[in-house]
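Working notes, beginning with the structure itself.
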Number of protein chains: 2
Amino acid sequence: MTPPRRMTLKDLARELGVSTASISNAFNRPDQLSPTLRERILSEAARLGYSGPDAKARSLRTGRSRIIAVVLAESLTYSLNDAVASEFLSGVAEVLDAHGHTLLLLPGRGHDSQPAGSANIADGFIVYGLMPNNQLLNRLPAQRPIVSVDFDVDDCPTVHIDDSEASYHIACHALKQQPRRPAIINLRLTKEACNGRVTPEHTLLPNTSTISRARLEGFHTALSEHGLDTQQVPLWNIEENTFEVCGPVLAELLDQPEHQRPDLLLCMSDRIALTALTLAEQRGIRVPEDLRITGFDGIAEGQYRAPRLTTVRQDSEGKGRVAAQMILGLLPAEQQLLKTELLLGDTCP
Amino acid sequence: MTPPRRMTLKDLARELGVSTASISNAFNRPDQLSPTLRERILSEAARLGYSGPDAKARSLRTGRSRIIAVVLAESLTYSLNDAVASEFLSGVAEVLDAHGHTLLLLPGRGHDSQPAGSANIADGFIVYGLMPNNQLLNRLPAQRPIVSVDFDVDDCPTVHIDDSEASYHIACHALKQQPRRPAIINLRLTKEACNGRVTPEHTLLPNTSTISRARLEGFHTALSEHGLDTQQVPLWNIEENTFEVCGPVLAELLDQPEHQRPDLLLCMSDRIALTALTLAEQRGIRVPEDLRITGFDGIAEGQYRAPRLTTVRQDSEGKGRVAAQMILGLLPAEQQLLKTELLLGDTCP
DNA sequence: CTGTTAGCGCTTTCAC
DNA sequence: GTGAAAGCGCTAACAG
């Protein structure tokens, strides 16, 4: 009885009485051998159960794996359940797939740990939404292309949107109605973990390169231009963009006495806005009459419902596509700024 | 000027004047060398920019890549935007990550195409929601572990839920209220693509091993037991579990004359149920007074809203965890049947 | 504890 | 066209 070892290219060559080079060529370079021989090799290979060159050996030999890794800021568990991150991955996957590449998912886990050893099998890295100071970047294998998304890294091509401009625009729209008590609900704005009202004790993350600060800046500019004192506008913060974490914070906010409760919520994500909307509905607070709400992201969930969310649509899938194209060299490796669009829904008409 | 070639283990060995084995051991087997030497090697490696053994070479040598592939039924673009699939992937990722493995995503694309060449780098495969007749299975490299999820494959460990039982239970609950015109909204039930009412012209997919048929069977059993003629209960079908595809079908259903419009929708997914709910709200159809709706899956979106969806919760993340544990050999490779739970929401109290 | 060495399976010159 | 041979970077036996 023969050992049940997986058949190798060499085995097949011996079996067919041809050289290993011909087998290799049959699979990789059709022009290097006669069609007849190629046919014979391919059909015999199928018959004998040889399913093509081993990817491990091939990638060692050629130096390329046809695998692109996406490094996600948060844990995979979180990212995969976040609509924005999922859409982004969709876009990446679509392009990679169309070009015969596959997608390896790497967690950014913690703040400065090593990426898994198998990470460096990838031909290139797309780094999504990581904090700029994250050590992880330096730990990625050098010499291989990196594209960063949603934040700037030195000497690294980037794809992102103009967060402060988009925030400015949606805030301007919301402020047309002259709110008496606007509030801003931030996402990961503070250095210390904070789920609730932001107080003077909290320090904010650096105002360069963090999404939250850019969006906050846009909101503040709009508020100032409308004659409001930004110091007077309460800031709330949320650490994680999930129902579970948003819920209690927004409940606390909405359960304030009515004369104190905000009448406009500028939210930094659709998830936050949708949670606010649900909780308002449960409390009989009318949207938009008693409370106007704006979101950010434009996820499907906010648009296929009644009332529809007023928000900024960012093309996350498009971001993914551009990032993938850049990493594959199909697009020049430069800064790419994607457009956003104001979606006028029912929560802040 | 030295060539900018990536530093190899051998280079480092020469540089430090030690053997390659020691370098390798420093990274892989701490007990095989003195702590002093190990420290020196590690720190020098960091200083000289050697970021550890190359994954391609290592995997060729050891035969293992520490990469597990998940083969998704649909395109990645679709799967990543589907809450159920995303939750499943979350569960897989969580376990893999905890055990130093990484996740490679493979599209099932089409019905019988080759998996990408780089696929066979994986140490094992988790096959999610594929049709049982899919050729893809045979194309996966032999000799490597496979776990299938949500459908049965010969000689292949599987994790799934009892779809027909769960459907039976939720239908029994819904039928307590004696609906006059129940309808069933299926997901991929017919052989031919069909978005709308299922007619006698349509042939259904085989009743073995397809989720839809199992769920339909559960619904039918419950209907019969409640004295209803299953032949009289209209079947509708939807091909893709997205807002875009569900919308028109459910609009057509809801826009029927009132005396003809169903007063109970047994939906095969939460996405379908949520779309029905939104469209009903837009039309002023009261839920649950005029129309009761049940879903299937128990996604967060259906629970963190008002009214809450009545549905069956299946633990997709748990499925992912179990599948990952099986593929890593942490759990015996056998049939695993996960529990489901009836969630009584507001759409069918 | 350390060093030498033989491949893992493949691709790709290069000579025929 | 085809075949022989070198070696991608690493690990694990084994010998010292």
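Numbered from 1 within each chain, the chains take letters A, B, ... in sequence-line order.
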Give A:Leu60 one of three labels, base, sugar-phosphate or nothing, depending on what nucleic acid heavy atoms sit under 4.0 Å from its own.
base
Does A:Arg61 put a side-chain nitrogen or oxygen below 4.0 Å from OP1 or OP2 of C:dC8?
no
Map A:Thr62 and B:Thr62 onto DNA chain C by nearest heavy atom, then report which one ends up closer to the 5' terminus.
B:Thr62
Assuming nearest nucleotide by heavy-atom distance, tell me which of B:Met7 and A:Leu37 is located more 5' along DNA chain D.
A:Leu37
Side chain A:Asp123, main chain A:Ile68, donor-acceptor under 3.5 Å
no
Does the side chain of A:Val127 reach to within under 4.5 Å of the side chain of A:Val153, using non-hydrogen atoms?
no
Separation of D:dG9 atom P from A:Gln143 atom CD, nearest Å, is 12 Å
Base, sugar-phosphate alone, or nothing: which one does B:Ile23 contact when heavy atoms must sit under 4.0 Å apart?
nothing
Among C:dG9, D:dG3, D:dG9, the one nearest B:Asp54 by side-chain distance:
D:dG9
What's the CZ-P distance between B:Arg64 and C:dG9, to the nearest Å?
16 Å
Without decimals, in angstroms, what is the distance between B:Gln32 CD and D:dG16 C1'?
15 Å
Sub-6.0 Å ring centroid separation between B:Phe27 and B:Tyr50
yes
I need the NZ-C1' distance between B:Lys56 and C:dC8, as an integer number of Å.
16 Å
Nearest-angstrom distance from the residue atom CZ of B:Arg29 to C1' of D:dT11:
8 Å
How is B:Thr20 classified with respect to the nucleic acid when contacts are heavy atoms under 4.0 Å: base, sugar-phosphate, or nothing?
base
note: A:Arg14, atom CZ; C:dG9, atom P; distance rounded to Å ~ 12 Å
With a 4.0 Å limit, can you tell me whether A:Asn28 has a side-chain N or O closer than that to the phosphate oxygens OP1/OP2 of C:dT11?
yes
By nearest atom, which of the nucleotides C:dG3, D:dG9, D:dT2 is closest to the B:Ala21 side chain?
C:dG3
Between the side chains of A:Glu239 and A:Arg188, is the shortest nitrogen-to-carboxylate-oxygen separation below 4.0 Å, so that they form an ion pair?
no
How close or far is atom P of C:dT12 from atom CZ of A:Phe27, stated in whole angstroms?
15 Å
Grab the CG-P distance between A:Asn25 and C:dT12 for me, whole Å please.
9 Å
Give a yes/no answer on whether the side chain of A:Thr8 brings an N or O atom under 4.0 Å of OP1 or OP2 in C:dG9.
no
Kindly point out which of C:dC1, D:dC10, C:dT11 is positioned nearest to the side chain of B:Ser34?
C:dC1
Please answer whether the main-chain N or O of A:Thr77 pairs with a side-chain N or O of B:Ser90 as donor and acceptor at a distance below 3.5 Å.
yes
Can you tell me if B:Asn25 uses its side chain to pair, donor with acceptor, with the backbone of B:Ala21 under 3.5 Å?
yes
Does a side-chain N or O of A:Tyr50 approach OP1 or OP2 of C:dG9 to a distance below 4.0 Å, or not?
no
Check this one for me: any side-chain N or O of B:Ser24 less than 4.0 Å away from OP1 or OP2 of D:dT11?
yes
